[in-house]
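Working notes, structure below.
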Amino acid sequence: MKWYCPSFLLCAFLSCTATDKTHQNLPDLVSYNEHIRPIINNRCISCHGGVRKKAGLSFLFPEDPFTALEDGKPAIIRGQADSSKIMQRILHHDPEERMPQKAEALSGYEIALIKKWVDQGANWETHWAFLPVNNPTIPSSPSSPHPIDRFIRAELNLRSLQANPQAEKSDLIRRLYLDLVGLPPSLETVDSFENDLIHYEQLVDRLLAAPGYGEKWTGMWLDLARYADTRGYEKDAHRDMWKYRDWVIRAFNQDMPFDQFTIKQLAGDLIDNPSTADLIATAFHRNTMNNDEGGTDNEEFRVAAVIDRVNTSYEVWQGLTMGCVQCHSHPYDPIKHEEYYQSFAILNNTADADRDDQAPTLIVYQPLDESRADSIIQFISGLNPGKNKSRIKQLESDLNELPSASLPILTELPAKQKRVTRVFERGNFMLPGEVVRPTLPAILNNQIKPDSVSRLAFAQWLVSPSNPLTARVTVNRFWAQLFDKGLVATLEDFGSQGNRPSHPALLDHLSWKFSNDFQWSVKSLIKYIVTSETYRQSSNASDVQLKKDPSNSWLSRAPRSRLSAEAIRDQALAVSGLLSDKMYGPSVMPYQPDGIWKTVYSNLQWVTDKGEDGHRRALYTYIRRTSPYPSFITFDSPSREYCVSRRITTNTPLQALVTLNDPVYVEAARHLATFMENEPGTLEVKISRGYKRALIRDIAPKTLQTLTELYHEAARQPASEFSPLMVIANALFNLDQFITKS
Amino acid sequence: MFEKLLSFIGHAHPALVHIPIGSLILTFILYRINGRGNRRNMRHAINVGFFISTIAAVVAIICGLLLARQGGYDDGTLGWHKYLGILVAFLSLTLWYTHQDIYKRDHSLTSSMFNSLFNLCMIALVVGGHLGGTLTHGKGYLFKTESSQVNATNTKPALARLTSATDQKVFAEIIQPLLNDKCTSCHNPDKKKGDLILVDFPGLLAGGKHGPIVEFGHPDSSALYINIMKPLDDDTHMPPDGKRQLNETEKKLLAWWIKNYKSVEDQVNDYPSFEGQLLSSADDQSIHAFEFDVSGIDPANEKAVGQLQNKGFKIYGLAQNNPMLDVAYSFKKDLDKKSINLLQKINQQIYTLDFSNSNLDDALFETMDPMPHLVSLNLNNTKITDKSLAYLKRFPNLKKLNLYQTTITDASIPILEGLHNLKSVYVWQTGISASGLTQIKTAKPDLEIVSGIRTDTLVKLKLPKPSIRTDTDLFYDNIKVEFASFFKDAQLRYTLDGSIPSPESDLYLEPLVIRQPVDIKLIAYKEGWESSDTASRSIAKAGFKVKEITLEKDPPKRYQAEGPETLIDLNRGTQPGDGKWLAYQKDDFVARLTLEQAQTISRIKIGTLQSAGQWAFYPREVEIQTSTDGKTFNRIKRRNYPQPKKDDPGGLRIVEIDFTPVQTSFIKVILKNLGKNPVWHKEKGKPSWVFCDEISVE
Amino acid sequence: MDELRLLQELNVRKLQMQTRRHFLQKCSTGLGALALGSFIGCSDSGKPLQGINPLSTKLPPAFAKAKRVIYLHMAGAPSQLELFDYKPELAKLDGQECPGSLLEGRRFAFIQGVPKMLGPQYSFKPYGQSGTYVSELLPHFSKNVDDACVIKSMFTHEFNHAPAQLFMHTGHGRLGRPSMGSWITYGLGTENQDLPGFIVLVSGGKTPDAGKSVWGSGFLPSVYQGVQCRSEGEPVLYLNDPKGMDRNLKGKLIEAINTINEEALDTYGDPETLTRIEQYELAFRMQVSVPEAMDITKEPASMHALYGTSPGESTFANNALLARRLAERGVRFIQLFHWGWDAHGAGREEALNMGFKDRCKEVDQSMSALLTDLKQRGMLDETLVVWGGEFGRTPMRENRDGKVMTWIGRDHHTECFSIWAAGGGIKGGIAYGETDELGYYGIKDKVHINDLHATLLHCMGIDHEKLTHSFQGRPFRLTDTGGKIIPGILA
């Protein structure tokens, strides 16, 4: 008797857990993506996936579960759940045999779903992100004219949430400025906006045309490009990369279509008669690290660089985590081990080879000298080398006089020197496997696998209509910059382990518009988004909203997010009138505490820039990978070793110390204090003006009172170079509302 | 749902199957009793018997098939069981069908056939039934003896079994149970994976299809051990991935047995002791086990914890799912009775209590309540005295007691001896005397007494050299001089006449104001330290005042410092980039000085530096020119310097150029740049720098 | 799920904030529930719950023998053959050519062609009851061997400094992964809410080859990265009040800031605002607690004598003394780096018979003092101390560019090297693992770096397979895909 009681119980348990849900809400048609994939990904794939195929079973590729296993029978027989092994195993009475093994059993509902799905023919569906982008119909909603709002409201209604009203004008204009150009508006602009002398749309156009626009969005792109001014690893020596940074700024400001933007950076050297600018663009993939340490194997680190290029290309344009595939087939997404090295092969034939001289490089000039250099070169080429030898010599020496920099770029190896790419077993370059051809992963291109793909073709394919991901991933990035969170929260992973989009239709709508109507114009995309009411609404959170949607996934309110490391600094310099608007050129070295740079075998020195260059936008600050600018790191900027899609925002005491004590902010406070000093009127007026200058909004009576009291406290102290008004300014720079965008 | 119903029915098979068995046996008995007799009701009963048996058998078979569908049974046995079952049903049907005829006359043939059929049916019934039993209870279930029963169900971990006694049989009582735990589920006469049977010693000796699996004396060449030790992902690893694995101890036990095996009768004490006992094993749950059973202890009162924390206590749980607490109030000075009383609310949960460096004293300690589970108490650097130690009895479980830096004396020794569970006590820097220590040691030999180092024997260190600070390095009429030592409480004694200071020399109290050139010597003194080395500094008057200084060419932005005036601000630089240097790459350094009035000059001092790493080298040549009108200059002195050597450390240097006195107010100083990094340089041939931070005319 | 918990907690903390009169009253996070770990477990959802102080203490899943770690890294990799791994056989082969079998298919940083074997350069003796062999270069440490466990069979995969140091500290040979200290503070938070949970002290004049990444937080939130405390200038960047900012005025300033931020909290109901308020209070407290902890002038002369400090400089001895002060104050992970062990023989400082001896002098007295001192204060049994480099040195003499070099040195070696561990959870007085008689390969109980990490985490009460963080679509952990606890060295 004793032995079968358990199985009776199990039986009873299963049947009752089943009954609670099964009958009511089992969908009529079970969808693989919607119902089954989540179960498989959570409960099965870790043992039956790309890495481990226990009993030869995998759920990765559509054919997998239907092909015979080690014991000759397939796991799933279409339409016959009862005779499908999968059912037998998940229902097995012996816990040792029951799937998932050594884990709790599937719920009755999950089992019922799987059974129904198998009985309905076990239709496999491609992961949503791999399906082509279509142009979804816009939900009809009387209230809001803007399509974006219709998509958002539709979801809100489902959850009986209410969208917030438009934000206060002061908050709105600050938000818009910080989002579009990364700087706060001037008081004048604020006044004219508050007095309706200028309209919201006009503001948007003005900002999209401003040079600051390019600087702001370049900030985002440089994280992806892992841009830095040094080479990384032990010596972490200097490297002239700034010219590439300038290229990106110009590209954004000229609103270069994103497809061009892509092709130039990945293969600018391969397009027909490329311009200097096109070559500069290819430095994107020269941001990979070099190891100049004594006794390193250059090949090892060249390979590391190419691997980084593959991973970065896929993360930036496809939102795919190829990193996994370099060692084994993708554990979660249908990409095979060898397919990784087929992509590797595409990028494996550039001339660079982790050499200390960084070759191949391109001689570039500082912004001011550029025109001069060009004209000289022009002139020389015009001259007849035979006749004017001496003249040419002269000119050339003039040219050499100009301070120049050598920018590492991509160039393709000549055909006879091409490298053969082999699979690396377990990702180890010491264990080369069989040879692979340069081509694309099957899952990502619906036509037949081309036999051989060039770097140029690869870039063109990324932005071709047939590629389902690029538009989605890109649109999602820009959305995330504006709303603090992507429609797909995992910006870096659109694969099956990434989050599903909160608003799939909206994502597709935007992607479609971006790649079709807008012809890849980023400015049009941003304008389209920021003109929506969803973007303009206020960020106050009611208790209801907090309860129903704590993380604000449904956007019933505008997000509240801490500013980026760069924005915090730029803002402080801007409102204190210190910020220099000088653009482009070599990276600068603003004040940094002594003794930060102590790296082995390196003579690189931090020489603080005097004057204007001490107050450039953060974007231009020199970034040394092994020792980045301290206050930026404190505010979560990455050290640019690898591509980073998403900065994690932290909230630490060290951040408080920066905005309280860092001489940069003290100096800014001093200047803001002077501004207040010069404002005519009572102390209250001065403080209020200072407050408005810094936070754009009008000061609340209580705040004013607190600050006035603080002023008097400070005034009571013996006089020092820290004047009472400086104390006030110092306080302003540390207000939650100052370092937060609301 | 239907699926579940089916499996439900399936599971009923083992129950239902007993009906046909019972009724068939009954029918058989009735039939035998009836014999050739021909009693009507008997025949009826038998008929009914066959009827019931047949129906029940058929039902049981259907259930059985459903059950078999779910798999997990040995196919061989299952097959036989199935077919015999069906045979029984079929026979009982035929018997029922043919039963009536045998009572008719002259059917002896039929009846004898009927008899044999019935016997066959009964045999099929017994065998099939037995196979059924095997399927459910495992092979040999029927004939299992008591002892093997015990082993089979014995779930004590192998190690626990070992430690119980020394005269136990190694194989029978340790190894076989271990095999039963982890191996026999597949390696039994029934499944025989790899033709290997591990249910008994002969089976083990016999080995499997790859031959013998143990080579006694050599675990490392015994397949049994090798396969177990293989990495989990190895296909031939045993037990297969997914099955319950042997833990480290069990593996060691197996090796230990194979190594020392003499006979199957070996007893534990025949073997060298098992060192695995000393090892805690990683994948044993026991490694995470807590030292005593906490199941009886409730979680602490959150409110009390919160209150204590707001009073400055640090309170952390010891581990997840463990109510015990780690409570600390250290480096704080406002401990009061109220907090001590609050502790009462969590006294059951307190496991460690740390008052180190707090204001705890006898009065406060006295009010402390008993803490049954307190294991570690830290009183380091508190005001408690011998008096308090009396209260330690309130902590019966105390194992670790930290008294260092307290005033307790030998008077406490008896109390310490009285604490029975005490394992270690820390008495460094207390009043406990050397003799006291020996006294405890003798009284409690296994108590660890940590008395620390004797500080008086340590070699005194030299104090760091004090520093001499001035705003400028040279001065015109007067200058303020400050002294400083790393230790604020160090005594600074100095002389100004260049003589070496003594403990009697002037004591530095406030900054000095110097009006004449001096030669300062300074020494720091401090209790417990050797006096410092002598710091010395001679402060010189500056040369002639310079009215104006200009440079022939602006230096690159990074090395403009505060402009040319930097060269006459009386301040030396320390390193490139400290904003005190002017420097040129490739080009020479050319400065023009105009004195406030014409002077007779005979010497010019020039501050420069060399740092190969930064491509900075001393000038290759220094030239001095003077002029009467400030327009036409003519050279009065030129000095060449040798090429820098590879091992030349470089650094700051003052170049002094002496020349025959000349009356002038216009001077030009030219430092010739080396031009290129020397041949030995890592980046040889690259344009080098020349640096200058100060020029003084005398 | 987390989000709802967040809401409850938010309210509790709001309440707390309103109930106390002045923020300086509150000395810790002061949340009973937090202490009992009912909110945060060890492996909670990667991202720090917004609004919850990510450094608040979290419970180890299991009872932890060690409360904190002091990790002494000898950057440049000291030679095991001159310190712990005694090889009499190698001495006999001194000067003979290296057998080809040892060179086939191997890669060295500098060795070329066929190098000569190089015998131990210093004499060894067994010490303590355990009879552990230690070289004459460590006279002080030899007195502490019975407290320490010397592991002779460590091995690694990286033979260049930067990658090897990354491997040692992040479990992976490339940049971008979180360091040990970050993982541990991520898992356990910090014990002392007035100090950073992960503090780094550097001596030898240079940061390690791999730079600050060896104490970086990789893809973990930056709040978990090591805070470098410096012995010159401010102990922590931007810690000092700016010139002219008076201390109690700073107090008032912070009070004002927080009053205004509390208004913002009421308007926007943003949990981050609440955390910010708490962080400003902590910052204010840190400005006092950090300099106090970092001030070694507070130590009696005898302690300076014990450690052999040189006050005012940034020496290993000073840092060792600081390490103890920080440990006393409940810092979770204390990381010391001492640079200059790369004894190739390429120059005087890099020579086994010159610079190497100096390095040993620099660390011997103070590392042994650290053990003695922790013990006499009753802290050793709850503090895990680890000493070691990033890889080993070859049993062959280095012959850079195939030439015989002026100074004696050894090249980088990955097959085996020695480290020692002592204190919390570690069994003292044993030597674990063995190498072959040339000291070329580990032959018994080889210890992979992942295994070492797994064991360290275990001593801290953490299951190395459970402490994970999801990044780029896959869960990462310190021990990457490997790691087995080493029962042999556990107390």
Side-chain angles (χ1 to χ4, degrees), chain A residues 232-234 236 291 293 295-297 304 321 323-324 332 492-493 495 497-498 539-541 546 550-551 560 593-595 598-600 626-627 630 633 636 641-642 648 650-653 656-658 661-662 666 700 702-703 706-707 710 713-714 717 720-722 727 730-731 734-737 742, chain C residues 3-4 6-7 47-48 54 107 109-110 160-162 174-176 205-207 209-213 216 221-223 227 230 232-233 237-246 249 252-253 256-257 259-261 263-264 267-270 272-273 275-276 279-280 282-283 286 339 412 472-474:
Chain A
Y233 292 111
E234 183 185 64
D236 198 22
N291 195 345
E293 186 183 326
T296 51
D297 179 334
T321 61
C324 308
Y332 312 118
E492 67 282 2
D493 188 2
Q497 285 299 293
S539 61
N540 304 22
L546 274 178
S551 60
R560 220 174 163 271
D594 298 338
K598 275 194 180 158
T599 316
V600 204
T626 52
S627 181
I633 289 297
D636 309 316
E641 284 144 352
Y642 290 110
I648 305 171
T650 63
N651 194 338
T652 75
L657 290 176
V658 169
N661 302 343
D662 179 350
V666 174
K702 259 186 83 187
T703 313
T706 319
L707 288 176
L710 179 62
E713 270 299 336
Q717 307 286 338
S720 75
E721 58 254 60
F722 219 103
V727 178
N730 192 221
N734 285 278
L735 294 185
D736 180 69
Q737 278 155 302
S742 32
Chain C
E3 290 162 348
L4 289 181
L6 161 63
L7 275 181
K47 258 184 106 154
R107 300 188 306 153
F110 294 100
N160 294 117
H161 293 289
R174 300 284 173 270
L175 292 160
K206 305 248 177 80
T207 47
D209 314 62
K212 295 180 160 51
S213 330
S222 63
V223 57
V227 174
R230 316 178 312 156
E232 318 126 75
L237 286 178
Y238 315 122
L239 190 70
N240 299 354
D241 286 324
K243 229 152 168 267
M245 170 58 76
D246 162 273
L249 176 56
K252 298 272 190 279
L253 170 62
I257 292 170
T259 327
I260 300 173
N261 286 352
E263 293 167 31
T267 331
Y268 299 99
D270 179 352
E272 283 295 321
T273 314
T275 311
R276 187 153 290 119
Q279 300 297 23
Y280 270 77
L282 172 52
M286 266 176 65
W339 188 83
H412 305 170
Q472 293 190 336
R474 90 154 162 104

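Here is the naming used below: chain letters follow the sequence lines, and residue numbers restart at 1 for every chain.
Contacts between Asp662(A) and chain C at a heavy-atom distance below 4.5 Å involve backbone atoms as well as side-chain atoms. Contacts between Thr703(A) and chain C at a heavy-atom distance below 4.5 Å involve backbone atoms as well as side-chain atoms. In this structure, the portion of Val666(A) lying under 4.5 Å from any heavy atom of chain C is its side chain and not its backbone. Both the backbone and the side chain of Asp241(C) have a heavy atom closer than 4.5 Å to some heavy atom of chain A. Contact of Thr273(C) with chain A is made through backbone and side chain together, with heavy-atom distances under 4.5 Å. Only the side chain of Met286(C) comes within contact range of chain A, with heavy atoms under 4.5 Å apart.
Heavy-atom minimum distance, Ala714(A) versus Leu249(C): CA-CD1, 3.8 Å. Heavy atoms only, all atoms of each residue included: Asn734(A) and Tyr280(C) are closest at OD1-OH, 2.7 Å. The heavy-atom pair separating Ala656(A) from Ala283(C) by the smallest distance is CB-CB, 3.8 Å.
Here the straight-line distance linking atom NZ of Lys252(C) with atom OG1 of Thr706(A) works out to 14.0 Å at 0.5 Å rounding. To the nearest 0.5 angstrom, Ile257(C) atom CD1 is 6.5 Å from Asn730(A) atom CG.
Legend: residues meeting salt bridge (Lys or Arg N to Asp or Glu O under 4.0 Å) with Asp736(A), ordered by chain and number and at least two apart, are Arg560(A), Arg276(C). Residues satisfying the salt bridge (Lys or Arg N to Asp or Glu O under 4.0 Å) test with Glu713(A), not counting sequence neighbours, are Arg716(A).
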Q. Are Leu239(C) and Leu657(A) close enough, and set up right, to give a side chain to side chain contact (heavy atoms under 4.5 Å, CB included), and what steps lead you there?
A. CA-CA 6 Å; Leu239(C) 190 70; Leu657(A) 290 176; 3.8 Å; yes
Q: Please lay out, stage by stage, how Leu710(A) and Leu253(C) fare under the test side chain to side chain contact (heavy atoms under 4.5 Å, CB included).
A: CA-CA 7 Å; Leu710(A) 179 62; Leu253(C) 170 62; 3.8 Å; yes
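Note: Glu263(C) leads His412(C), Glu263(C), Met245(C) in heavy-atom pairs under 4.5 Å with chain A. Per-residue counts of heavy-atom pairs under 4.5 Å with chain C were compared for Ser720(A), Gly495(A), Ala304(A), Gly232(A); the largest is that of Ser720(A).
Under a 3.5 Å cut-off, the side chain of Glu721(A) and the backbone N or O of Gly244(C) do not form any donor-acceptor pair.
Between the side chains of Gln279(C) and Asn651(A), no donor N or O sits under 3.5 Å from an acceptor N or O.
Between Asn661(A) and Asn240(C), the closest side-chain pair of non-hydrogen atoms is not below 4.5 Å.
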